[in-house]
*Asks:* 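For reference, the structure I am asking about is given below.
When reading the values below, keep in mind they use all heavy atoms of this one structure, side chains included, and skip hydrogens, waters and symmetry mates.
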Amino acid sequence: MPKFIVFVPGSAESEAGVMPPTELFEEMAAYNNQLAKAGVLLAAEGLKPTSAAAKVRFDDTERRTVIDGPFTEAKEIIAGYWLLETSSLEEALEWVKRAPFGGGVTLEVRSIGSMDELEVEFSPELREAQQQLRQQLDQ
């Protein structure tokens, strides 16, 4: 079954650590419960502000540069996400349209590619190793 990630954009308020009103948390909890009862919710998390984050830039094959937050490019900040497993993008979109957000919020819904969907030829050994890792993660 296809999996999708839904990105919730950050805002000046989320970056400042301002929590939404209790009512929104209650609505979000009810929405997440609906997703869980329907069997489509795999994960749902909010992210801390980028002041508690870092980026790692790969300068070349050997050098790495750590860039401490906060990050200033607000359009690139993610405040939270859902992982959904639905029968199709259309079903995922129907669920996402029910999320309790007001005007001005745009949620991004992205398909998560499975190993079988990637246009890369995996050796039998690599395919087996990936399948074993997935089995371990599912336990």
*Asks:* Is it the case that one hydrophobic cluster holds both M28 and I78, taking links as side-chain heavy atoms less than 4.5 Å apart, direct or via other members?
*Replies:* no
*Asks:* Would V40 and V8 show up in the same hydrophobic cluster when neighbours are defined by side-chain heavy atoms closer than 4.5 Å?
*Replies:* yes
*Asks:* Check P20 against L24 and note the closest heavy-atom contact, atom names and distance.
*Replies:* CB-CD2, 3.6 Å
*Asks:* First locate atom CG of L83, then atom CD of E45, and finally report the distance between them rounded to the nearest 0.5 Å.
*Replies:* 9.0 Å
*Asks:* Let me check something: do Y81 and V96 share a hydrophobic cluster, defined by ILVMFWY side-chain heavy atoms less than 4.5 Å apart, either directly or through other members?
*Replies:* no
*Asks:* Please check: side-chain N/O of S88 versus main-chain N/O of E91, any donor-acceptor pairing under 3.5 Å?
*Replies:* yes
*Asks:* Look up atom CD in E85 and atom CG in L42, then write down how far apart they are to the nearest 0.5 Å.
*Replies:* 5.0 Å
*Asks:* To the nearest 0.5 Å, what is the distance between CG (L47) and CZ (F7)?
*Replies:* 9.5 Å
*Asks:* Nearest 0.5 Å, what's the NZ-CD distance between K37 and Q34?
*Replies:* 8.0 Å
*Asks:* At their closest point, which heavy atom of R63 faces which heavy atom of D60, and how far apart are they?
*Replies:* N-OD1, 2.7 Å
*Asks:* I need the F25 CZ to N32 CG distance, nearest 0.5 Å.
*Replies:* 11.0 Å
*Asks:* State whether a side-chain donor-acceptor pair under 3.5 Å links E15 with T50.
*Replies:* yes
*Asks:* State plainly whether one hydrophobic cluster holds both L41 and L89, where clusters connect Ile, Leu, Val, Met, Phe, Trp and Tyr through side-chain heavy atoms under 4.5 angstrom apart.
*Replies:* yes
*Asks:* Could you tell me if Q132 and Q136 have a donor-acceptor pair between their side chains, going purely by distance under 3.5 Å?
*Replies:* no
*Asks:* Closest approach of L84 and A92, non-hydrogen atoms and distance?
*Replies:* CD1-O, 4.5 Å
*Asks:* Minimum heavy-atom separation for F71 and K55, please, with both atom names.
*Replies:* CZ-CG, 3.3 Å
*Asks:* Ring centres under 6.0 Å, that's the criterion: do W82 and Y31 meet it?
*Replies:* yes
*Asks:* With a 4.5 Å heavy-atom cut-off, do T65 and V56 have their side chains touching?
*Replies:* no
*Asks:* Report whether I77 and L107 are members of the same hydrophobic cluster (ILVMFWY, side-chain heavy atoms less than 4.5 Å apart, transitive linking).
*Replies:* no
*Asks:* Provide the closest heavy-atom pair for F4 versus I112 in the form atom of the first, atom of the second, distance.
*Replies:* C-CD1, 4.0 Å
